[in-house]
Amino acid sequence: MTTDFVILCLWPSFFAAAGAKILWKRNILNSLAKFDPRAETRWLVVDQKHSRGLVATFTSQAMFSYHTVNAWQEDGE
């Protein structure tokens, strides 16, 4: 979060066997498909100061993280 925006990171994760593996493994973590480096990470920027909602979306290379992502805001262009 910054003063003006909330930045959400959507990591690429997919269920194996179209989700049917959840029934076989009986937990979500073991039902995830293997990491696909071709998938994209999607970033959503939501305005929290002026109530404009979703103001931007970005994509980046596939990644995985166990922690939150840091954000900062710069004035100007």
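For this chain, numbers begin at 1 and follow the sequence in order. Keep in mind that the numbers below use all heavy atoms, side chains included, and drop hydrogens, waters and symmetry copies.
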* Step-by-step side chain to side chain donor-acceptor pair (under 3.5 Å) determination, Thr57 to Trp43 -> CA-CA 6 Å; Thr57 60; Trp43 300 86; over 6 Å; no
Roughly how far, to the nearest 0.5 Å, is [atom2] of [Y] from [atom1] of [X]?
X: Leu10; Y: Glu40; atom1: CG; atom2: CD; answer: 12.0 Å
X: Ile22; Y: Leu29; atom1: CD1; atom2: CG; answer: 11.5 Å
X: Ser60; Y: Arg42; atom1: OG; atom2: CZ; answer: 10.5 Å

* Structure fact -> Residues at least two apart in sequence or cross-chain that pass side chain to side chain donor-acceptor pair (under 3.5 Å) with Thr2, listed by chain then number, are Gln73
* Pro12 versus Thr41: any side-chain heavy-atom pair under 4.5 Å? -> yes
Closest heavy-atom contact between [X] and [Y]?
X: Asp47; Y: Arg52; answer: OD2-N, 3.1 Å
X: Asn30; Y: Lys25; answer: O-CG, 3.7 Å
X: Pro37; Y: Ala62; answer: O-CB, 3.7 Å
X: Ser31; Y: Lys21; answer: OG-O, 3.3 Å

* Structure fact -> Residues passing the side chain to side chain contact (heavy atoms under 4.5 Å, CB included) test with Ser51, sequence neighbours excluded, are none
* Pairing residues for Ile28 by the side chain to side chain contact (heavy atoms under 4.5 Å, CB included) criterion, not counting sequence neighbours ->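 With sequence neighbours excluded, Ile28 shows a side chain to side chain contact (heavy atoms under 4.5 Å, CB included) to Phe15, given in chain and number order.
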Treat each ILVMFWY residue as a node, draw an edge where side-chain heavy atoms are under 4.5 Å apart, and state whether [X] and [Y] are in one component.
X: Leu23; Y: Leu32; value: no
X: Ile7; Y: Phe58; value: yes
X: Leu44; Y: Met1; value: yes

